[in-house]
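A quick write-up on the structure given underneath.
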Amino acid sequence: MRRIALLLLTLLITLTMAVPVFSAEPAKKRSSKSVKKSSKTKGKKTAATRKSSPAPLPVKPLPGKVLLTEMKHWSTPDYTRVAVTLNHEVSFEKHEIAKSPGSAIPSRIYFDINGAKLGAAVKELAIGDGLLKSARAAQYSADTVRVVLDVDNIKDYKIFTFADPFRIIVDVKGERQASISALPPAIAALPASTDESVQKELAKLAPDQPKESLVQKAPPRAPLKSGKVRRIVVDPGHGGKDPGAVGPSGLQEKDVVLAIGLSLAKKLKNDLGLDVVMTRSTDVFIELQERTAIANQVGADLFVSVHANAALNRSASGIETYYLNLAKTEKAAQLAARENGTSLEKVSLLQAVLFDLMANYKLNDSAHLAEEVQKSLYRRISGRHPSTRNLGVKQGPFYVLVGATMPSILVESAFISNAQEEARLSDPQFLEQTAEGIVDGVHAYISSLK
Ligand SMILES: [Zn+2]
């Protein structure tokens with residue numbers, strides 16, 4: 001196991017230097033770097049495979065094999081995300097047409113996906129949100145699909161890809177709206193039945209527990225003075241077909257984090273008076289790019305993704321909180337791979353373009369939020385379980401945080417892979433305390449804002 005880990009680390013370091021072809025950076029910036037195809041890819045087509053020569057980039061056509069299956073968008077007056085899903089990794093070339101000669105603002109952004117066919121069910125998206133007019137895809141030639149974004153008025157945009165499944169994502173930015181927006185009709189605010197759901201989810205995990213014991217009074221917190229944080233998105237990880245990590249006795253991360261998330265949402269609303277939006281409040285599958293899109297779409301001021309940790313080493317335990325940045329350790333990269341549902345190799349490809357994608361990420365505020373939540377959560381949990389390990393605040397390239405424009409963190413509440421912590425995670429009181437600890441941290445963060 002150790003040898004494999006070392007091999008993977010070597011691979012990771014090698015690939016961290018690589019820049020994949022899908023970078024939206026100008027070709028001249030990328031031309032000096034190169035990457036060799038690793039033997040680890042086992043013959044898989046990889047977008048990172050290219051020579052050290054400048055653009056055009058090598059194209060590996062796979063006629064008839066690659067299908068553009070879906071095109072979706074999420075939009076607000078100041079932010080739009082378009083996601084194009086394909087059934088296989090593929091290379092593409094990005095182009096833009098300037099609004100006027102020399103202008104940095106494009107009137108059209110388009111990319112040609114080589115060796116691809118357009119799925120019959122893919123429809124043109126009439127966006128019309130002031131940023132983009134529309135997004136459309138067409139079979140440009142026998143084996144090239146062209147995706148065109150007609151631009152209305154934008155400040156900036158980024159194109160990047162996610163792996164497994166392969167997605168090309170375009171994040172477009174406009175002017176930030178000053179006032180809190182009404183929730184888009186497609187997104188439900190915190191359901192009125194949350195109280196009921198909390199009890200139901202908690203009771204599911206411990207059916208024998210009497211309901212009375214689930215309710216716990218928290219000590220009063222000072223009322224919040226700062227009005228800078230009004231809306232928060234709570235994101236219970238995984239769901240539906242994605243169970244997340246599974247504990248030694250079969251407890252599933254998706255169930256645990258839903259229970260924590262529901263409880264957290266209720267407390268943030270009732271105790272802190274915040275407007276809360278959940279990415280999911282039932283056992284449904286939501287793609288990672290949609291979770292971030294929801295947070296941006298509702299104009300959230302904070303984003304908290306809740307997870308349970310897992311490691312090959314079954315004795316690993318403790319609490320840690322992440323914000324978006326390059327992984328500093330192999331363990332952090334491994335965790336990001338697991339949470340991203342992809343490989344270490346793909347994580348290193350993401351790392352290579354991460355700085356370019358982080359232009360709108362609130363790095364310092366996210367680190368600050370992570371510190372407050374980690375401190376408060378550890379204080380709560382260690383009060384009852386003094387042996388709990390404080391693993392601290394860490395950094396990692398998590399898909400779910402990429403493109404988030406507000407302070408955003410990912411909380412790893414406990415190790416579901418550790419038998420003792422798995423047992424705790426099936427205890428409703430522990431989950432309530434975890435939610436309480438996160439609320440403490442959010443409260444401390446907001447209180448510290450001038
Ligand atoms: Zn997770």
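Keep in mind that the numbers below use all heavy atoms, side chains included, and drop hydrogens, waters and symmetry copies.
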query = Applying ring-ring contact (aromatic ring centres under 6.0 Å, His included), which residue pairs with at least one partner in residues 227-266 are found, sequence neighbours left out?
reply = His238-His307
query = So which pairs with a foot in residues 356-377 pass ring-ring contact (aromatic ring centres under 6.0 Å, His included), sequence neighbours left out?
reply =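 Qualifying pairs: His368-Tyr445.
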What pairs with [X] under side-chain contact (heavy atoms from CB on, under 4.5 Å), at least two apart in sequence or on another chain?
X	result
Leu67	Thr69, Asn87, Lys117
Ala137	Leu68, Met71, Leu118, Val145, Val147
Ala327	Ala332, Ala333, Gln351, Pro397
Asn153	Lys99

Give me the atom names and distance for the closest heavy-atom approach of [X] to [Y].
X	Y	answer
Met278	Leu262	CE-N, 3.6 Å
Lys94	Phe111	CA-CB, 3.9 Å
Val234	Leu268	CG2-CD1, 3.6 Å
Gly244	Asp242	N-OD1, 2.9 Å
Lys254	Gly240	NZ-O, 2.9 Å
Arg280	Pro236	NE-O, 3.0 Å

Roughly how far, to the nearest 0.5 Å, is the [atom2] atom of [Y] from the [atom1] atom of [X]?
X	Y	atom1	atom2	answer
Lys346	Asn340	NZ	CG	11.5 Å
Leu410	Phe398	CG	CZ	5.0 Å
Arg167	Leu86	CZ	CG	11.0 Å

Going by heavy atoms in the side chains, are [X] and [Y] under 4.5 Å from each other?
X	Y	value
Arg291	Ser305	no
Ile127	Asp152	no
Val66	Phe166	no
Pro106	Ile154	yes
Phe303	Leu401	yes
Glu372	Val442	no

message = Please check: side-chain N/O of Arg136 versus main-chain N/O of Ala126, any donor-acceptor pairing under 3.5 Å?
response = no
query = Under the 3.5 angstrom rule, does the side chain of Gln252 hit a backbone N or O of Pro243 as a donor-acceptor pair?
reply =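 No: the side chain of Gln252 does not pair with the backbone of Pro243.
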key: Lys/Arg N to Asp/Glu carboxylate O, Asp171 vs Arg81, below 4.0 Å   = yes
message = Regarding Arg231 and Asp301, does a basic nitrogen lie under 4.0 Å from an acidic carboxylate oxygen?
response =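 Not counted as a salt bridge, because no side-chain N and carboxylate O are separated by less than 4.0 Å.
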Partner residues of [X] under the side chain to side chain donor-acceptor pair (under 3.5 Å) criterion, sequence neighbours left out:
X	result
Ser107	none
Thr279	Asp235
Arg338	none
Glu421	none

Pairs satisfying side chain to side chain donor-acceptor pair (under 3.5 Å), at least one member in residues 391-402, at least two apart = Glu320-Lys394, Tyr323-Gln395, Asn325-Gln395
inquiry  = Run the salt bridge (Lys or Arg N to Asp or Glu O under 4.0 Å) test against Arg108 and tell me which residues pass, sequence neighbours left out.
reply    = Asp150
